[in-house]
Engineer: 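Questions regarding the structure given below will be posed in turn.
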Amino acid sequence: MFEAELQSIGNKIRGILAEHNIPAPEKVEWVPLPFSGTWGVATNFFPVAAQEARGGLLPKGKRVPDRAAEIAQLVAEALPLPEGFQKAEAVRGYLNLYFDPAAYSLHVLQAAAQQKDRFGHLPSRGERVMVEYSQPNTHKAFHVGHLRNVILGESVCRILEAAGYDVVRANYIGDIGLHVIKWLWNYINYHNGEEPPAGQKIRWMGDLYAEAVKRLDENPELEAEVRALFARWDARDPEIVALWEKTRRWSLEGFDEVYRRLGVHFDRVYFESEVEEPGKKLVEEMIAKGIAVDERPDGPVVVRLDELLGLEKETYRSYVVLRSDGTSLYSTKDLPLAILKFQEYPDLARSIYVVDVRQSLYMKQIFKTLELMGYPWADKLYHLAYEVVNLPGNVTMSSREGTVVLLEDLMREAKERARAVVEEKNPQLDEATKDAVAEAVGMGAIKYTMLARENTKIVVFDWERALDFNGVAAPYIQYAHVRANSILRKAGVFNPPPVAPKHELHPTEVELISQLALLPDAVKRAAEEFKPLHISNQAYQIAKSFNDFYNQCPVLNTEEDVKAFRLSLVLAAKHALANALRLLAITAPERM
RNA sequence: GCCCCCGUAGCUCAACGGACAGAGCGUCGGACUUCUAAUCCGAGGGUUGCAGGUUCGAAUCCUGUCGGGGGCGCCA
């Protein structure tokens, strides 16, 4: 808001400072006024005063804060009040500029009315980025730990789009590897011919995997059978390949259901199986180039990064790119995948990997290796790390151990609880609407708890907390949206035109408008830092302001002029709430 | 041994180096003949783990330290 005006005012301030032989800053920085119930922008003169002090320009005994207050006072008096502002005042070293309420509120309301479902968004940047996320393994469970990845990745994609990027959503599915071979071994020997029960695909696949691990743990001598099976896979034994294709499809169908329910889709789905052979070829090249060292048959193929870089201190260490028996590893496939991405999308400004923080070293190793191999885009790779989801008592969710909360169980429970609340709060809704509301509220609550938290903080999964619909949570924001919608519906106008207020604004109106105006900043920061947290915070602030406004300012039952203004304010709030929720991949219901 | 993350109210978490460190939950007390009370208002709650440093100014940056978690050659 008012970017150009603020820059012009900044220049005037620099002029005033120069006239008084006060060192002027390169650029005058503005922040929103921190006082609620009023609005405007502020800058301070502490750096200027400190600069004077360093230059020995301050009279002896004069302290920096006092001098800053003096300068602020001087500027406040000398500055001609620009168009669109109501007053300027100097307070303890700060210069506060208050927006003219009528002009400013009209400005915000017009922006919302014009931009609608793009309100809060930023102009196009003409840059393409890829975000790889989800990365589920077939033949394994899909649990709440994986949910954080999907939700975070999807939200980051939406935020980047809102910030003006062209986003390619990529998934990378682990459809081959030791875990798959173990599963197949268990299936062939103990479950041959069985099929997953309808609607239970993921659970059944996960159970069989946990069972396979248990069997092998109890009878380590059976590992030989698994290795033999891996060899048959490597030789592309048709029987094994056919079984792999069939069982893999069960998992993929299960994933599709999950993604549909989460509102997630992908533009490009990569499979580990499609980069396995290219990976093995690449390893041969790396050996030929001297990047990888072949210790076979007594050892694996390794990349000794610290050695290659001449680093004394342990930094990148070394990692294995191919097993001693020639079978592939995760790393065997990640290298060609990165290359393939840039072959398919040569114009990527960034290739982002949403991968949990425990793989930070591994990610650095992959990125560094690609740099050493001379790929010019290696510096565009970025690891977006997030912390894990644990169970109470610091228990890691593990498909191997079977210590997981399955996503389907969480979603079912969330919806059931939400459904019970709908029945209680709004029994007159029809069945279809109740169901839709339960879905939106239940899923929203789950997503919000995952997103309204620093990426670097561990989430401890707790049923009660994950499904708490009160306080700072998605339903609070959804409810504000519903209230806004309800007012517009009752008024019978869905696109009230923006108007300037003719009345003295109520403090809650002022606060709401201020919060609406902060949405673009939140989008900008969230995109720069890959942090949906900034959006969830702002969404909550807007909802809170709206609820305050709702409680204190009648809209329908008031004078015509006031009503016209408030209706357009309600519409702006509705757009802002819906847009913020959309960036979190949370549905904004029309009623609940 | 080397590296990364976390430490803020009883609990879960916010806070762009900037004005008085804020929310929710929980506790106690209030507000529905008025647009949906899944809401709102009030009270109470803090040596931002600790010690130094940088800065006009530090929860935020730096160093050290304590506590918790994680990673470090054939899992992904």
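Chain letters run A, B, ... following the sequence lines, proteins first, then strands; residues in each count from 1.
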Engineer: Check every strand shown and say whether A:L556 touches a base, only sugar-phosphate, or nothing at a heavy-atom separation below 4.0 Å.
Structural biologist: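 Base, at least one base heavy atom under 4.0 Å.
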Engineer: Base, sugar-phosphate or nothing for A:E272? Non-hydrogen atoms, less than 4.0 Å.
Structural biologist: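 Here A:E272 touches the backbone only, sparing every base.
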Engineer: Take atom C1' in B:G26 and the same atom in B:A9, then report the distance between them in whole Å.
Structural biologist: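 The answer is 12 Å between these two C1' atoms.
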Engineer: Once you apply a heavy-atom cut-off of 4.0 Å, does A:D325 come out as touching a base, just sugar-phosphate, or nothing?
Structural biologist: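 No contact.
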Engineer: Distance between the C1' atoms of B:G67 and B:U8, in whole angstroms?
Structural biologist: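 Comparing C1' positions in B:G67 and B:U8 gives a spacing of 15 Å.
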Engineer: According to the interplanar angle, ranging from 0 to 90°, do the rings of A:F142 and A:H146 count as parallel (below 30°), tilted (30 to 60°) or perpendicular (above 60°)?
Structural biologist: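 Rings of A:F142 and A:H146: perpendicular, as their planes differ by over 60°.
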Engineer: Starting from the 5' end of RNA chain B, give me the residue, A:E314 or A:S486, whose nearest nucleotide shows up first.
Structural biologist: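 Result: A:E314.
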Engineer: Could you point out which residue of A:K415, A:K434, A:R419 forms a side chain to side chain donor-acceptor pair (under 3.5 Å) with A:E439?
Structural biologist: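 In the set A:K415, A:K434, A:R419, the residue that makes a side chain to side chain donor-acceptor pair (under 3.5 Å) with A:E439 is A:K415.
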Engineer: Checking side chain to side chain contact (heavy atoms under 4.5 Å, CB included) against A:L147, which of A:L152, A:V459, A:I446 comes through?
Structural biologist: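 The side chain to side chain contact (heavy atoms under 4.5 Å, CB included) with A:L147 is passed solely by A:I446 among A:L152, A:V459, A:I446.
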Engineer: If each of A:H179 and A:R358 is mapped to the nucleotide of RNA chain B with the nearest heavy atom, which maps nearer the 5' terminus, i.e. the 5' end?
Structural biologist: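 Its nearest nucleotide being more 5', the pick is A:R358.
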Engineer: Applying a 3.5 Å limit to both distances, which nucleotide forms a Watson-Crick or G-U wobble pair with B:U33?
Structural biologist: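 Per the H-bond distance test, none.
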Engineer: Suppose you measure atom C1' in B:G73 against the same atom in B:G68; what distance do you get, rounded to whole Å?
Structural biologist: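 Straight-line distance between the two C1' atoms is 28 Å.
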Engineer: Once the angle between the rings of A:Y382 and A:F530 is folded into 0 to 90°, is it parallel (under 30°), tilted (30 to 60°) or perpendicular (over 60°)?
Structural biologist: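 Rings of A:Y382 and A:F530: tilted, as their planes differ by 30° to 60°.
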Engineer: Look through every strand shown and name the nucleotide pairing with B:A23 as Watson-Crick or G-U wobble, where both distances are under 3.5 Å.
Structural biologist: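 Here B:A23 is engaged in a pair, and the nucleotide opposite it is B:U12.
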Engineer: Give a yes/no verdict on a cation-pi contact between A:R248 and A:F271, requiring under 6.0 Å between NZ or CZ and the six-membered ring centre and an angle within 45° of the axis.
Structural biologist: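 The answer is yes, since A:R248 meets both limits relative to A:F271.
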Engineer: Under 4.0 Å, heavy atoms only, any strand: does A:V482 hit a base, just the sugar-phosphate, or nothing?
Structural biologist: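 Since a base atom lies under 4.0 Å of A:V482, the category is base.
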Engineer: What interatomic distance, in whole Å, is found between C1' of B:A31 and the corresponding atom of B:A37?
Structural biologist: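 It works out to 9 Å between them.
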Engineer: Need one value for A:V64: base, sugar-phosphate or nothing, where a base atom within 4.0 Å counts as base even if backbone is also close, heavy atoms only.
Structural biologist: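 Since a base atom lies under 4.0 Å of A:V64, the category is base.
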Engineer: What nucleic acid atoms does A:A42 come within less than 4.0 Å of, heavy atoms only: base, sugar-phosphate, or nothing?
Structural biologist: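 It contacts base atoms.
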Engineer: What nucleic acid atoms does A:K490 come within less than 4.0 Å of, heavy atoms only: base, sugar-phosphate, or nothing?
Structural biologist: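 Sugar-phosphate contact only.
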Engineer: Tell me if B:C41 is syn or anti. Syn = glycosidic torsion within 90° of 0, anti otherwise.
Structural biologist: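 Here B:C41 takes the anti form, which means its glycosidic angle is more than 90° from 0.
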Engineer: At under 4.0 Å between heavy atoms, what does A:E454 touch on the DNA or RNA strands: base, sugar-phosphate, or nothing?
Structural biologist: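 A:E454: backbone/sugar contact only, no base atoms under 4.0 Å.
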Engineer: With A:E528 as reference, evaluate A:K531, A:K524, A:R525 under the salt bridge (charged side-chain N to carboxylate O under 4.0 Å, His left out) test and give the passing residue.
Structural biologist: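 Going through the options one by one, the only one that passes is A:K524.
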Engineer: What is the base-pairing partner of B:G7, counting Watson-Crick and G-U wobble geometry with both distances under 3.5 Å?
Structural biologist: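 Across any shown strand, B:G7 pairs with B:C66.
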Engineer: With C1' as the reference atom in both, quote the distance from B:G10 to B:C4 in angstrom, rounded to an integer.
Structural biologist: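 It comes out at 31 Å once rounded to the nearest Å.
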Engineer: What is the nucleic acid contact for A:N137, judged by heavy atoms within less than 4.0 Å: base, sugar-phosphate only, or nothing?
Structural biologist: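 The residue A:N137 makes sugar-phosphate contact but no base contact.
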Engineer: Tell me every residue that passes ring-ring contact (aromatic ring centres under 6.0 Å, His included) with A:F367, counting only those two or more places apart in sequence or in another chain.
Structural biologist: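 Expected list: A:Y353.
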Engineer: Under a 3.5 Å cut-off for both distances, is B:U54 Watson-Crick or wobble paired, and to whom?
Structural biologist: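 Base partner found: none.
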Engineer: Go through RNA chain B in 5' to 3' direction and return only the first and the last nucleotide with some atom under 4.0 Å of chain A's heavy atoms.
Structural biologist: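 Taking any atom under 4.0 Å from a heavy atom of chain A, the span is B:G1 to B:A76.
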Engineer: Please classify the nucleic acid contact of A:N96 as base, sugar-phosphate, or nothing, using heavy-atom distances under 4.0 Å.
Structural biologist: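 Base contact.
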Engineer: Going by the angle between their ring planes, with limits at 30° and 60°, are A:Y540 and A:Y476 parallel, tilted or perpendicular?
Structural biologist: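 Geometry flag for A:Y476 against A:Y540: tilted rings.
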Engineer: Scan A:Q478 against the nucleic acid and name what it touches under 4.0 Å (heavy atoms): base, sugar-phosphate only, or nothing.
Structural biologist: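 Here A:Q478 touches no strand at all.
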Engineer: Just checking A:R566: base, sugar-phosphate only, or nothing, at a heavy-atom cut-off of under 4.0 Å?
Structural biologist: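 The residue A:R566 makes no contact with any strand.
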Engineer: Could you tell me whether A:R591 contacts a base, only the sugar-phosphate backbone, or nothing, with contacts defined as non-hydrogen atoms closer than 4.0 Å?
Structural biologist: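 If one applies the 4.0 Å heavy-atom cut-off, A:R591 turns out to touch a base.
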Engineer: May I ask you to say whether A:E559 pairs ionically with A:K563, meaning some side-chain N is under 4.0 Å from a carboxylate O?
Structural biologist: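 No, no charged N to carboxylate O under 4.0 Å.
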Engineer: Between B:G44 and B:G53, how far is it from one C1' atom to the other, in whole Å?
Structural biologist: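 Here B:G44 and B:G53 have their C1' atoms 37 Å from each other.
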Engineer: Can you check the distance between B:G45 and B:C35, where both ends of the measurement are the P atom (answer in whole Å)?
Structural biologist: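 Looking at atom P only, B:G45 and B:C35 are 37 Å apart.
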Engineer: Taking atom C1' in both B:G7 and B:A14, what distance in whole Å separates the two?
Structural biologist: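 My reading of the C1' atoms in B:G7 and B:A14 gives 15 Å.
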Engineer: Partner of B:C72 by Watson-Crick or G-U wobble geometry, both contacts under 3.5 Å, or none?
Structural biologist: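 Here B:C72 is engaged in a pair, and the nucleotide opposite it is B:G1.
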Engineer: Base, sugar-phosphate or nothing for A:D334? Non-hydrogen atoms, less than 4.0 Å.
Structural biologist: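 Here A:D334 touches no strand at all.
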